[in-house]
There are 2 protein chains.
Amino acid sequence: MTDGRSRRREDTRQRLFVAAVELIAEQGFSATTVDDIAARAGVAKGTVYYNFESKTMLFEELLRHGIGLLTAEFRAAVAGLPPRAALAALVRAELEYIRRYRAFAQLLLSEMWRTNREWQQTLRLLRGEAIAVIAETVRAGVDSGDLPADLDVPTASSALFGVGLVVAVDWLVFQPDRPIAEVQEALLGIVRRVAQT
Amino acid sequence: MTDGRSRRREDTRQRLFVAAVELIAEQGFSATTVDDIAARAGVAKGTVYYNFESKTMLFEELLRHGIGLLTAEFRAAVAGLPPRAALAALVRAELEYIRRYRAFAQLLLSEMWRTNREWQQTLRLLRGEAIAVIAETVRAGVDSGDLPADLDVPTASSALFGVGLVVAVDWLVFQPDRPIAEVQEALLGIVRRVAQT
DNA sequence: ATCTCTGTACTGACTGGTCAGTCTAAAAAC
DNA sequence: GTTTTTAGACTGACCAGTCAGTACAGAGAT
C-alpha cells in the first residue's frame, strides 16, 4: 500500500486531481474535457482511465478528497476549545483552507447548489459532514449558554459555512491583490457580532 | 412594435428565457443543450436560433434581462430613504427578488465566480451595475456618519450582495419548506448588527 | 367579401465537429 | 515478471448551428 508502486500511482492521481480542480474551477465540470485534464497533468489520456473509472468518478473522488481534508481541518481546529473560541477557530480554518486550495473552493461554490447532476447526492452528503462539525460546535455553544438559546442550529451552521465560502471566493476572484488576512478579520468581526447574545 | 406579430415573438422569447433559466440553474450552462431549452419552451430548435444569435447570446441576453431587473428594483428600493433605512430596504429587495426569481438567483450563484468563459466579461459588468447601487448607499451612510468611517465601501458592498445571495439560495435549495420571511429576518439582523458603529 | 401577395415566425431534418470512453502494443518503473 | 504508464487511433453518441420549406397574419387589390 505504501511501496514504491502505489506511491507512484498516488502521485499520478494527485497530479490529475490538481489539473482537474483547476480546470473545473475555471470552466465547470461539463466544459472541461478529459483530454484537457490529461494534458494539464502531463499524462496520457489512457492514464486517466487506468486510474479512474470515468470522468464523473474522478470528480466524485476529487470532491471526497477535498471536502474530507476540509472536515479534518475543522475537527482539528475545534479540538478542546470552548464554544466561542471554537467558532472563531472554525472561521479561521475555513479561510486558511480556502487560501491554500482556492481552486477547490471556487469549484465548490459553483457546484454546491446545483440540482439534477449525477454527483449531486455525493456532494450533499460531503457538505453535510463538513457542516456537522460546525453544527456540533454551535450546538455546544447554545447548550452552554454562550450562544442565544433560540438560534436555529442547522440553519446557522450552513449559513456560516456558505458565508465564509462566498465572501472569501468573491474576494479572491474580484480583488485578488488584497491579503486574505483582511477577509479573515472582516469575517471574524461579522461572526463575533452576530453571535453576541 | 406592439402588433400581433411582435407580441407573439416577445412571448416566445420570454418562454425561452424561462426554460433556459430553469435548466441552466439546475445543470449549468454547458450541460444544458439547446434542444432541451427548445423542448421545455415548447418550440422547435430553429426557433431558438430565429430569436437568438447563439446559445451564448441567449445566455448573455438572459443575464442582462435578469440583472437589469434586479438593479431596477434596487434603485426603486433606496429611492429617497436615509442610509440605514436604505440598507435594510436593499436587503429586503434582494430577498424579494430571489424569492420571485429563484432559478435565476441559483444560476447567478453558480456562474458568478467563473473565470475563462465567453460571457464572463458581461457578467462582471452587470454585477458591477447592481453592486454600484449598494455602494452608493453605503457611501452615503459613511459620509453622513451613519456607518463606520473606516468601512471599505466596495468590499462591504460586494460582500453584502454575495451574502444575501448565498444565504437565500442555500435556504431555498436545502430547506425549501421554510418561509423566506425567516431568512429575511435573519439577514436583516446580521446586517443591522454589522452596520452598528 | 374573396383573393392574391408579402414578410414574419416557426419547423425539424441534416451537417460537421466534439468528446467520453475503448483498445492495443510496447516501454518504463519497480 | 508485475504494475503502471504511454501514444494515439478509433467509435459512437451527442450537440451547436444551418437551411429549405411551411404556416399564417394582415395589407392591399378587385
Side-chain angles (χ1 to χ4, degrees), chain A residues 1-24 26-63 107 111 116-120 122, chain B residues 1-24 26-63 111 114 116-120 122:
Chain A
M1 200 187 191
T2 16
D3 68 346
R5 274 188 281 274
S6 22
R7 219 181 300 118
R8 189 157 96 97
R9 193 171 180 186
E10 202 45 53
D11 272 8
T12 304
R13 287 170 60 95
Q14 281 297 328
R15 295 230 306 289
L16 284 168
F17 275 164
V18 170
V21 82
E22 287 172 2
L23 287 165
I24 296 175
E26 286 169 10
Q27 308 175 320
F29 174 78
S30 300
T32 300
T33 70
V34 174
D35 290 86
D36 285 345
I37 295 172
R40 164 117 32 150
V43 302
K45 187 178 186 177
T47 305
V48 177
Y49 286 93
Y50 181 77
N51 283 283
F52 298 96
E53 200 180 310
S54 65
K55 184 188 173 188
T56 300
M57 285 302 295
L58 161 57
F59 186 54
E60 287 201 17
E61 289 191 39
L62 176 60
L63 290 174
L107 176 161
E111 310 290 350
N116 289 323
R117 309 262 63 208
E118 325 87 292
W119 34 261
Q120 180 228 345
T122 304
Chain B
M1 199 185 195
T2 16
D3 67 346
R5 274 187 286 272
S6 29
R7 220 180 300 117
R8 184 176 176 208
R9 193 172 178 183
E10 202 44 51
D11 272 8
T12 304
R13 287 172 61 95
Q14 279 298 328
R15 296 229 306 290
L16 285 168
F17 274 163
V18 170
V21 83
E22 287 172 2
L23 287 165
I24 297 175
E26 286 169 9
Q27 307 176 319
F29 175 78
S30 299
T32 300
T33 70
V34 174
D35 290 88
D36 285 346
I37 296 171
R40 167 125 16 158
V43 301
K45 188 179 191 175
T47 303
V48 176
Y49 287 93
Y50 181 75
N51 284 282
F52 299 95
E53 199 180 309
S54 65
K55 185 188 173 189
T56 301
M57 285 304 294
L58 162 57
F59 186 53
E60 287 200 17
E61 290 192 37
L62 177 61
L63 289 174
E111 310 290 350
R114 285 230 187 290
N116 289 324
R117 309 264 65 207
E118 323 89 292
W119 35 261
Q120 181 227 345
T122 303

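As a basis for the values below, the full set of heavy atoms in this structure was taken, side chains included, without hydrogen atoms, waters or symmetry mates. The chains referred to below are lettered A, B, ... by the order of the sequence lines, with proteins before strands, and numbering in each begins at 1.
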Within residues 16-23 of chain B, which residues have any heavy atom lying less than 4.0 Å from an atom of DNA chain D?
none
Tell me: CG of B/Asn51 to P of C/dT11, nearest whole Å?
10 Å
Could you give the CZ-to-C1' distance, from B/Arg9 to C/dA9, as a whole number of Å?
8 Å
Regarding B/Val48, tell me which of base, sugar-phosphate or nothing describes its non-hydrogen contacts under 4.0 Å with the strands shown.
nothing
B/Ile24 CD1 to D/dA16 P: how many Å, rounded?
11 Å
Which pairs pass ring-ring contact (aromatic ring centres under 6.0 Å, His included) with one or both residues in residues 43-62 of chain A, sequence neighbours excluded?
A/Phe17-A/Phe52, A/Phe29-A/Phe59, A/Phe59-A/Trp119
Would you tell me if any nitrogen or oxygen in the side chain of B/Tyr50 comes within less than 4.0 Å of OP1 or OP2 on C/dC10?
no
A/Glu10 CD to C/dC30 P: how many Å, rounded?
15 Å
Starting at OG of B/Ser30, measure out to CZ of B/Arg117 and round the result to the nearest 0.5 Å.
4.5 Å
From CA spacing to verdict: salt bridge (charged side-chain N to carboxylate O under 4.0 Å, His left out), B/Arg13, B/Glu61
CA-CA 10 Å; B/Arg13 287 172 61 95; B/Glu61 290 192 37; 2.6 Å; yes
Output the rounded distance in Å from CZ (A/Arg13) to C1' (D/dT4).
13 Å
Roughly how many Å is it from CZ in A/Arg15 to C1' in D/dT6, rounded to a whole number?
13 Å
Checking A/Thr47 now: which residues fulfil side chain to side chain donor-acceptor pair (under 3.5 Å) with it, not counting sequence neighbours?
none
Rounding to an integer number of Å, can you tell me how far A/Asp11 CG sits from D/dT5 C1'?
13 Å
Sequence neighbours excluded, which residues qualify as side chain to side chain donor-acceptor pair (under 3.5 Å) partners of A/Lys45?
A/Asp35
Which atom pairs link the protein and nucleotides 19-23 of chain C when you take only N or O atoms and keep those under 3.5 Å?
unit_1	atom_1	unit_2	atom_2	d
C/dA20	OP1	A/Thr32	O	3.4
C/dA20	OP1	A/Lys55	NZ	3.3
C/dA20	OP2	A/Val34	N	3.0
C/dA20	N7	A/Lys45	NZ	3.3
C/dG21	OP2	A/Tyr49	OH	3.0
C/dG21	OP2	A/Lys55	N	2.9
C/dG21	N7	A/Lys45	NZ	2.9
C/dG21	O6	A/Lys45	NZ	2.9

List for me each residue that meets side chain to side chain donor-acceptor pair (under 3.5 Å) alongside B/Thr12, sequence neighbours excluded, and say none if there are none.
none
In whole angstroms, the gap separating P of D/dG17 from CG of B/Asp36 amounts to 14 Å
Please enumerate all residues that pass side chain to side chain donor-acceptor pair (under 3.5 Å) together with A/Thr56, with sequence neighbours excluded.
A/Glu118
OP1 or OP2 of C/dA9 less than 4.0 angstrom from a side-chain nitrogen or oxygen of B/Thr47, does that happen here?
no
What residues form a side-chain contact (heavy atoms from CB on, under 4.5 Å) with B/Arg15, not counting sequence neighbours?
B/Ala41, B/Val43
I'd like to check the side-chain contact (heavy atoms from CB on, under 4.5 Å) partners of A/Thr122; sequence neighbours left out, ordered by chain and number.
A/Glu60, A/Arg64, A/Leu126
